[in-house]
Undergrad: 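Pasting a structure here, questions to come.
Throughout, numbering of the chain's residues begins at 1 and tracks the sequence. What you see is a predicted model, and the numbers here were worked out from it, not measured in a lab.
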Amino acid sequence: SHIRHAWDPHKSVAQNLAEMGLAEDPNKAVPIPKKLLGMEMESDGQQLGKKIVRKPYVVNEMELEASLPEKKSNTLSRDLIDYVRYMIQNHGENYKEMARDEKNYYQDTPKQIKRKINVYKNFYPEEYKSFIASLKPEKMEVQ
């Protein structure tokens with residue numbers, strides 16, 4: 001978004017990127033020394049002149065944005081949550097029975113179902129505990 005706001009549609013890509021202090025070709029911006037490639041260093045006498053950066057705020061804003069900590073989005077789809085809750089409610093911890101259930105549309109194996117349940121446990125531990133606690137009285141009434 002920072003680049004989009006500083007972009008000038010009347011200039012070329014190379015000119016726009018040069019004004020922002022960004023490289024058009026990363027291979028030219030950070031060249032690999034010929035010594036590392038196993039060849040002798042040849043001096044061409046080509047020293048790239050310093051380019052004038054007219055829009056340094058673009059790079060500064062991008063560096064600031066990159067330094068921010070990443071937000072963790074620990075959410076699961078509503079369908080997966082409903083699927084896991086249905087399986088636990090009807091089959092408890094019998095994963096083989098869950099695999100044979102008619103609502104197992106994706107034909108998950110017992111291990112895959114167990115993995116999905118563990119993901120649900122890790123993402124929503126409080127919700128899982130309250131769900132299990134709500135199931136226990138129902139089972140006691142049935143027996």
Undergrad: Taking all atoms of both residues into account, what is the closest heavy-atom pair of Phe131 and Arg85, and its distance?
TA: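 It is CZ-O, 3.4 Å.
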Undergrad: Locate the shortest heavy-atom distance separating Ile81 from Tyr124; write the atom from each residue and the value.
TA: CD1-CE1, 3.8 Å
Undergrad: Once side-chain contact (heavy atoms from CB on, under 4.5 Å) is applied, do any residues pair with Ser67, and if so which ones, sequence neighbours excluded?
TA: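 Once residues adjacent in sequence are excluded, the partners of Ser67 under the side-chain contact (heavy atoms from CB on, under 4.5 Å) criterion are Leu64.
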Undergrad: Can you name the residues that form a side chain to side chain donor-acceptor pair (under 3.5 Å) with Asp8, not counting sequence neighbours?
TA: none
Undergrad: With Glu127, which residues qualify under side chain to side chain donor-acceptor pair (under 3.5 Å), at least two apart?
TA: Tyr120
Undergrad: If a pair satisfies salt bridge (charged side-chain N to carboxylate O under 4.0 Å, His left out) and one of its residues is in residues 109-125, list it, with sequence neighbours excluded.
TA: Asp108-Lys116
Undergrad: Less than 4.5 Å apart, any side-chain heavy atom of Tyr83 and any of Ile113?
TA: yes
Undergrad: Between OH of Tyr128 and CD1 of Ile117, what distance do you get to the nearest 0.5 Å?
TA: 7.0 Å
Undergrad: Atom NE2 in His91, atom CD in Glu93: separation rounded to 0.5 Å?
TA: 13.0 Å
Undergrad: Apply side-chain contact (heavy atoms from CB on, under 4.5 Å) to Ala6 and list each qualifying residue two or more places apart in sequence or on a separate chain.
TA: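 With neighbours one apart ignored, the set is Met20, Lys55, Tyr57, Val58.
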Undergrad: Among residues at least two apart in sequence or on other chains, which ones pass side chain to side chain donor-acceptor pair (under 3.5 Å) with Asn118?
TA: none
Undergrad: Please enumerate all residues that pass side-chain contact (heavy atoms from CB on, under 4.5 Å) together with Tyr86, with sequence neighbours excluded.
TA: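 Checked Tyr86 against side-chain contact (heavy atoms from CB on, under 4.5 Å); matches are Asn90, Asp101, Lys103.
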Undergrad: Residues two or more places apart in sequence or in another chain: which of them pass salt bridge (Lys or Arg N to Asp or Glu O under 4.0 Å) with Arg54?
TA: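 Partners of Arg54 under the salt bridge (Lys or Arg N to Asp or Glu O under 4.0 Å) test: Glu19.
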Undergrad: Mind checking salt bridge (Lys or Arg N to Asp or Glu O under 4.0 Å) for Glu61 and listing every partner two or more places apart, or none if nothing turns up?
TA: none
Undergrad: Mind checking side-chain contact (heavy atoms from CB on, under 4.5 Å) for Asp25 and listing every partner two or more places apart, or none if nothing turns up?
TA: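 For Asp25 the side-chain contact (heavy atoms from CB on, under 4.5 Å) partners, ignoring immediate neighbours, are Asn27, Lys28.
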Undergrad: Taking only residues two or more places apart in sequence, or in another chain, which ones meet Glu65 in a side chain to side chain donor-acceptor pair (under 3.5 Å)?
TA: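 Here the qualifying residues are His2.
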Undergrad: I'd like to check Met98 versus Asn104 (side-chain heavy atoms, cut-off strictly below 4.5 Å). Are they in contact?
TA: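 Side chain of Met98 against side chain of Asn104, heavy atoms only: no contact under 4.5 Å found.
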Undergrad: For a 4.5 angstrom cut-off between non-hydrogen side-chain atoms, does Ile3 reach Leu22?
TA: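 Yes. Closest side-chain heavy atoms under 4.5 Å.
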Undergrad: For residues Met87 and Tyr95, determine if any side-chain heavy atom of one lies less than 4.5 Å from a side-chain heavy atom of the other.
TA: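 Met87 vs Tyr95: side chains apart.
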Undergrad: Among all residues two or more places apart in sequence or in another chain, which pass the salt bridge (Lys or Arg N to Asp or Glu O under 4.0 Å) test with Arg78?
TA: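 Applying salt bridge (Lys or Arg N to Asp or Glu O under 4.0 Å) to Arg78 gives Asp82.
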